[in-house]
Amino acid sequence: MSNGISRRNVLSIAAGVGAASALAACGGSGGDAAAAVNTETPVTLRFTWWGSDARHKRTAQVIELFKSKYPNFTINGEFKDWNGYWDSLATTVAANDAPDIIQMDEMYLASYAERGALLDLGTASNHLKTADIESTALDTGKVDGKQYAIPTGLTAYSFVVNEDLIKQYNVTLPDTETWSWEDLRAVGDQISKASGGKVIGVQSWGFDTGSVNVWLRQQGASLYSPDGKVAAPPALLAGYWQYLLDLAKAGVSPQPSITIERAAAALDQSGMATNTTAIGTAWNTQLTSYQAASGQNLRLIKIPGESKVGTPGAYYKPSMYWSISSRSKHPAEAAVFVDFLLNSQEAGDVLLTDRGVPGNKTIRAALAPKLTATDKAAADYLDAIKVGPAPRVTPNGASGIEAILKRHSEEVLFERKTPQAAAESFIKELQTEIDAA
C-alpha cells in the first residue's frame, strides 16, 4: 500500500473474514497494561504488519531506534503482504498466539475487537499518550466506546483536478471552496465538450465506501447505525446512483464499460493517471501516486456540496491502526512501543507518510519541511478541511461491502437495475452479511 491506501483486494478480504469468523472469544488472560514498564530484564515483543519492502526497511530502522532507548527490549518483526496478512493473523489469534503489536485495518477492527482479541488501549494510558491526536481521529478506532486502535495516519476523501488539462481546454473551475454537485456536473460537461470527447470531464466513482459515506453524511444520514445495522435511507442511496447514472448518460463521465474496466485496474490505469479524465475522486494521500503516473500538475480540491450542509460529509479515515493483543503478556511494554511509533520525532522522521499523513498534529507539523510537494499537499488538505464526527466503524460481517457496492454500481450504470431497486437490494444484501457474521 502506498501512503497507507491502496485498492482493496476483495478476494483477500473475504478470505480474511472467513478465517476470522472461526475465532472464539479470546480476551482476558494477558498482563496488566497499567503496570510499571520493565526496563531491566529482557522483554520480547512480536510486532506484525503488512506492506512493501520500503515499509519493512523503514519499520526496521524504527525498531532499532527504539531498542537504543530500551536495550532490554527485543522486537521481533513479522511482516507480510496484504494478501496473506489476514489469514495469518486470524490463525494466530484463534490459536491464542497473536503478536503483541498488530497493524490493524478499519474493515476488520470490529471483528477482532468484538471477539475480545484486542486490548482496550484506554487501560494503557499511563504509557500511551494521545493528547496530540484529535478526538475525531481517535474516535475512528473506537468500538462500543472503547479505544481498541489508534490511527497511524489519516486520510480524507477528496477530489483531484488536472490543472494542465483544464488550462489546455480553456475551462474555468468554479470556486471549489463553495461549489456544488451541480457545479461539478456543469464543469465536467464543459471539459468533455471542449475536448471533443478526447478527455472526459469526471472520472466516475461508486466503488468505494468513502463516496457513499460522504453522500449520506452531507444529507444528515449514515451508512450504519451505532448498533451496527445498515441505516442508509434507500431514497438517498437511490439519489447517489441516479447522479452517477446521469453523469454517464450525459457524457460527463465515461461510458459504463470504460468505468468498470478502470475500476478493476491498477491506479496507474485510471482516467486521472492516464490524463483521459480531468476531475476525479481520491483519498488525499493518493495524490503522489496519481501525479507520478500522470506526469502532469494535479491538485486536491474539496468535495462538492460541503459549504452548503450543516454537518460536513468529510471525515478522517485511518490509513491503518496500531492495536495491541488482549493476550499480550507485556501490554505495558507494548504500549510504550506504540507510543514511540506514534509520538516520537525519531520515528516520525523515518516513517514520514509511509503509513499515511501522521495523525499526531505535532509530528505532522514537524515533518512538513521534509515532505515532497505532493505529500505536503496531502497534509495541508487535512488541515484545510472541516470534518464531521467519525463514522461508525465497519460492523463485523460488513468487510465485503465494496464488492457488494461495485456489483450494484455496475447494475445501475448498465441500466440492469433502477437506482431505487439497487438501493433496496444493496441494503438487504449488506444487512444479511452482517446478520450472518
Side-chain angles (χ1 to χ4, degrees), residues 1-8 55 105-106 133-134 136-140 151-163 166 173 176-177 179 184 202-203 205 207-215 217-218 266-268 270-273 277-294 296-307 312-321 348 351-361 363-391 402:
M1 300 172 75
S2 173
N3 286 339
I5 293 291
S6 73
R7 183 180 302 277
R8 303 288 185 195
R55 177 173 297 162
D105 184 83
E106 193 274 341
I133 302 175
E134 295 173 62
T136 47
L138 288 173
D139 286 348
T140 67
T152 70
L154 302 174
T155 63
Y157 209 67
S158 68
F159 274 69
V160 180
V161 59
N162 185 317
E163 295 194 297
I166 292 291
L173 280 179
T176 55
E177 292 291 321
W179 69 331
L184 172 63
V202 179
Q203 179 172 290
W205 55 97
F207 310 98
D208 60 89
T209 54
S211 61
V212 176
N213 273 322
V214 165
W215 187 270
R217 287 161 62 87
Q218 283 192 347
L267 179 148
D268 62 4
S270 67
M272 289 302 300
T277 307
I279 301 172
T281 60
W283 295 100
N284 65 313
T285 48
Q286 290 178 306
L287 178 63
T288 296
S289 297
Y290 273 119
Q291 181 146 311
S294 74
Q296 298 201 1
N297 293 309
L298 307 185
R299 178 168 62 93
L300 293 170
I301 52 179
K302 293 182 179 178
I303 301 165
E306 286 292 87
S307 68
Y315 62 97
Y316 289 140
K317 182 186 185 303
S319 48
M320 56 199 75
Y321 302 103
L351 296 176
L352 297 176
T353 58
D354 179 73
R355 286 181 168 92
V357 176
N360 182 309
K361 294 183 294 182
I363 300 299
R364 187 158 78 224
L367 291 183
K370 304 172 185 177
L371 301 179
T372 65
T374 49
D375 281 348
K376 186 177 186 305
D380 290 345
Y381 181 83
L382 282 187
D383 293 330
I385 62 173
K386 181 179 180 182
V387 298
E402 290 188 344

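- Separating the OG1 atom in T281 from the CH2 atom in W205 is a distance of 7.0 Å, to the nearest 0.5 Å.
- Contacts of Y157 classified as ring-ring contact (aromatic ring centres under 6.0 Å, His included), with partners at least two apart in sequence or in another chain: W283.
- When all heavy atoms are compared, the tightest approach of E402 to D208 is OE2-CA, 3.6 Å.
- One finds the CD atom of E163 at 4.5 Å from the CZ atom of R299 (value rounded to the nearest 0.5 Å).
- Among residues two or more places apart in sequence or in another chain, the side chain to side chain contact (heavy atoms under 4.5 Å, CB included) test is passed with A390 by D139, T140.
- When the side chain to side chain contact (heavy atoms under 4.5 Å, CB included) test is applied to Q218, the partners found at least two apart in sequence or on another chain are W181, V214, I303, E306, V309.
- Minimum interatomic distance between K302 and T176 (heavy atoms only, all atoms of both residues): CB-O, 3.7 Å.
- The minimum heavy-atom distance between N162 and M272, with the atom names listed, is N-CE, 4.1 Å.
- Counting heavy atoms from C-beta outward, Y316 and P151 have side chains that stay 4.5 Å or more apart.
- For the atom pair Y321 OH and D105 CG, the distance stands at 8.0 Å (nearest 0.5 Å).
- Test T136, T155, N213 against Y315 for side-chain hydrogen bond (donor to acceptor under 3.5 Å, both in side chains) and you get one pass: N213.
- Separating the CG atom in L154 from the OG1 atom in T353 is a distance of 12.5 Å, to the nearest 0.5 Å.
- Counting heavy atoms from C-beta on, the side chains of I301 and W179 come closer than 4.5 Å.
- In terms of modelled atom types and a separation under 3.5 Å, the side chain of R355 and the main chain of G153 share no donor-acceptor contact.
- Contact record, G348 with L367: O-CD2, 3.4 Å, taken as the closest heavy-atom pair.
- Side-chain N or O atoms of R217 include one that pairs as donor or acceptor with a backbone N or O of P389 at under 3.5 Å.
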*Determine, stepwise, if the pair I166 / V161 fulfils side chain to side chain contact (heavy atoms under 4.5 Å, CB included).*
CA-CA 8 Å; I166 292 291; V161 59; 3.6 Å; yes

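- The CD atom of Q203 lies 11.0 Å from the CD1 atom of I279; values are rounded to the nearest 0.5 Å.
- Between L300 atom CG and L287 atom CG the span is 4.5 Å, to the nearest 0.5 Å.
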